[in-house]
Amino acid sequence: MGNIVAGQPGSVESEETLQYLTFTVLGELMAIGILDVKEIIEVGSMTRIPMTLDCIRGVINLRGNVVPVIDLRSRLADQPSVLSKRSCIVLVQVKVEEEYQTMGMLVDMVNEILEIPETDLQKAPDFGTDIDNEFIDKMARYHDEFIILLNIARVFSIDDLSATKVQQHLALDNLS
Amino acid sequence: MDGELKVYLVTPFIIAVLLGAGAVFFDAYIPYFAVLWAVAGAVIGLMFYNKLKQISTRNREIEIELKELQQQSQVNSRVEDQHRQVWEQIVPVWQRHLISSRDLSEGAINELSARFSHLVTLIVDTRNVALAHQQTDNGEGFAHDKKMLTTFFNRLKDYDAATDKLFDKIESLQGFTNDLDQMALAVANIAEQTNMLALNAAIEAARAGDAGRGFAVVAQEVRELSSQSGGTGEQIAHKVSEVKAVMGNILESANKARDQEDETLDQGESYINEVIEHLENLARELITEGESLLQVNQQIQQQIEQVLVELQFQDRVSQILSQVLTSMDSLSVQLRQASEDHSMTIDVNGVLAQMKTNYTTVEEHRQHNPKDTQVDNESAAGGSINFF
Amino acid sequence: MAKTILVVDDSMSIRQVVSIALKGAGYDVIEACDGKDALAKMTGQKIHLIISDVNMPNMDGITFLKQVKASPKYKFTPVIMLTTEAGRDKMAEGKAAGAKAWVVKPFQPPQMLDAVAKLVLP
């Protein structure tokens, strides 16, 4: 693994094999680059924040720091997660305005760490998935399965997430 | 007649002598004496005449008597002849009848005794067999059977109790399977946590770059171990649930079986008690019947034995008849001798005495002379025992 | 072991009665029909008691009794005379010849068994 270089997914040079953390949401196998992951924790007590969007599940206290957690299922498919024994929070480092910030991501289940060569990655298809294309960075073929590589920056877009429920309603009204 | 004749002879002689002597002494009176002598002679002659006349009459009478006597004697000898014939011809026939009746009764009674004694033997044998059976088959043997049945039944009960205990143990095992379930869950949890730890370790190792490579390998191994543990935990949980299901089934059927068994045992106990009671009653009846049969059997035996005792009369009758026959024989012999030799006479007293010496039984002595009370002193009564 | 008694009588019915009574009391019985027969049958046998008639053909009871008393082997064997003979003279003859008891027929079995029990050899 000598070639592993910390950096944004997709920004690495070709011919390289990178490590990915795979997890499951809505029965779909997804992954993010391992260097984006800070830690995986069990779901503990979480505090909901009023007036925030449904996809923001709440905040947790991580060793003294307040960390917001988004519900990935709600974010991707607008369905609130049902917590199970296997539900986990994947903590990721997100660069916000030149500063790295830790954010939590509620997933149905964490699977494993995979090494996927660069050659097995391809562009996201225009159709064929239940998820909005903007959240997909690339598709990886692993054996007979396809793994969705998430676009972390898009998932944790501040613009989207800082909207309030009122604003959301208004936006929806404008659309219609 | 002789005396009279002497008188007639002697009287004239004496008179003649007296007249002769008178004439000698008194010569002067000889003519007188001659006259007296003539008178006396005339008288005596007259007397003689009369006497002779008398005698001839008597002789005629005697002749007639003699003739009569001769006739009488002829009749007598004819009667005697007839008596002899009676004795010689009829008595042997009587004797033969006596002999034949003696032999008949002897034969018949011997046959009777033989049959009766055979009967007694049969009865005794039957009773001995019955007694032997009774000794083995009476209440004792039955009590033994009952004890065996009860023992067997108690064993069944013990077995039932043992299976009850077994089921209780199986039931307590169910509690253990719940513990096992908890433990399997704990294993699964630990595996989960270990998996997460390993993932985090791998993430840290990736961040550390080259420095974390060794650590990454370890983390990978730990992850694999944790996934194995998780699999094992799942298998354990699966097996435990299978065991639980099987145990549930066992307990369910065991409870059913136990209920049935209890019912069967209760029924069995009452059946066995009923059967034993029934058999006991039967056996008691049989024993009572057997005992009364044995009593009857014994009474019959005693009766027959008494009959045999009574049949002893035949021996005495036979002896008495034999004595009579012997006496008849000896009397016949004497008669024959007497008829051949007329000088012999039959000694009746001698015959009677001879008969008496030949008697053996008291009855014979008594019948010989019913008036004689001496008999009972001279001989012993039937059935008496004299020890020497 | 059962004791053996020799029964001598020319009358079969008497032999049967005596025999049944004795067997009933547990004795073994040998039967003979006169003195001669008895002497032949007792040879070599252990005899504990003899019951004999007096008037019998071939050999009468008194002669038989004398022969028994003259025999070295049987001179101590007790003899009971069982007979119709009731005369005192005959009885005296039997006593002189060595008889132990004189039973006049007809007898009753219990009395006979009493006599036998008193006299039988140990």
Side-chain angles (χ1 to χ4, degrees), chain B residues 105-121 123-125 127-128 298 301-302 304-320 322-323 356-366 374-388, chain C residues 9-24 26 29 31 33 51 53-57 60-61 65 78-116 118-119:
Chain B
S105 79
E106 197 172 317
I109 284 165
N110 278 344
E111 179 74 10
L112 272 178
S113 330
R115 279 170 194 239
F116 278 133
S117 65
H118 183 59
L119 273 181
V120 170
T121 316
I123 287 169
V124 170
D125 286 354
R127 192 170 61 241
N128 287 341
Q298 198 155 20
Q301 188 199 337
Q302 284 164 355
I304 293 179
E305 281 179 2
Q306 199 50 43
V307 167
L308 281 168
V309 170
E310 298 301 333
L311 286 179
Q312 287 178 88
F313 81 88
Q314 182 274 327
D315 186 46
R316 291 203 315 289
V317 168
S318 176
Q319 294 212 22
I320 293 169
S322 298
Q323 294 293 346
K356 207 170 175 179
T357 59
N358 286 337
Y359 291 155
T360 59
T361 65
V362 188
E363 286 89 343
E364 283 170 306
H365 286 290
R366 280 207 194 113
Q374 195 68 23
V375 172
D376 292 334
N377 295 333
E378 282 170 4
S379 51
S384 70
I385 298 180
N386 292 273
F387 289 101
F388 303 137
Chain C
D9 202 305
D10 56 330
S11 159
M12 192 178 91
S13 57
I14 298 287
R15 286 204 306 272
Q16 300 272 19
V17 186
V18 179
S19 183
I20 282 175
L22 291 174
K23 280 178 185 165
V29 178
E31 292 181 23
C33 63
I51 297 175
D53 190 14
V54 172
N55 298 313
M56 291 182 291
D60 70 85
L65 172 60
V79 180
I80 297 176
M81 304 309 287
L82 173 63
T83 173
T84 49
E85 191 70 64
R88 299 281 172 200
D89 299 346
K90 261 292 198 243
M91 240 184 252
E93 202 183 331
K95 183 181 177 181
K100 285 279 180 207
W102 193 278
V103 181
V104 179
K105 292 177 193 170
F107 73 98
Q108 291 296 321
Q111 296 161 317
M112 171 61 88
L113 288 175
D114 276 352
V116 168
K118 270 181 202 157
L119 296 174

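If you're wondering where the values come from, they're calculated on a predicted model, not measured in any experiment. Reckoned from all heavy atoms, side chains included, excluding hydrogens, waters and symmetry mates. So you know, we letter chains A, B, ... as the sequences are listed, proteins then strands, and number each from 1.
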Participant: Taking all non-hydrogen atoms of both residues, which atom of C/E31 and which atom of C/S19 are closest, and how far apart?
Facilitator: OE2-OG, 3.2 Å
Participant: Please name all residues satisfying ring-ring contact (aromatic ring centres under 6.0 Å, His included) with B/F116, sequence neighbours left out, ordered by chain then number.
Facilitator: none
Participant: Select, from B/T361, B/V124, B/D315, the one with the greatest count of heavy-atom pairs under 4.5 Å involving chain C.
Facilitator: B/D315
Participant: Contact part of C/M91 toward chain B, heavy-atom cut-off under 4.5 Å: side chain, backbone, both or neither?
Facilitator: both
Participant: Does any heavy atom of chain B fall under 4.5 Å from the side chain of C/K23, the backbone, both, or neither of them?
Facilitator: neither
Participant: Taking the basic N atoms (NZ, or NE/NH1/NH2) and the acidic carboxylate oxygens, is any pair closer than 4.0 Å for C/D53 and C/K105?
Facilitator: yes
Participant: Identify which part of B/Q306 has an atom lying under 4.5 Å from any heavy atom of chain C, answering side chain, backbone, both or neither.
Facilitator: side chain
Participant: Please state whether the rings of B/Y359 and B/H365 are parallel, tilted or perpendicular, taking 30° and 60° as the class boundaries.
Facilitator: perpendicular
Participant: Could you tell me which portion of C/L119 (side chain, backbone, both or neither) has an atom closer than 4.5 angstrom to a non-hydrogen atom of chain B?
Facilitator: side chain
Participant: Please, which pairs that meet salt bridge (Lys or Arg N to Asp or Glu O under 4.0 Å) have at least one residue in residues 92-102 of chain C, sequence neighbours excluded?
Facilitator: C/K90-C/E93
Participant: Looking at C/S11, C/A99, C/P106, which has the largest count of heavy-atom pairs under 4.5 Å with chain B?
Facilitator: C/P106
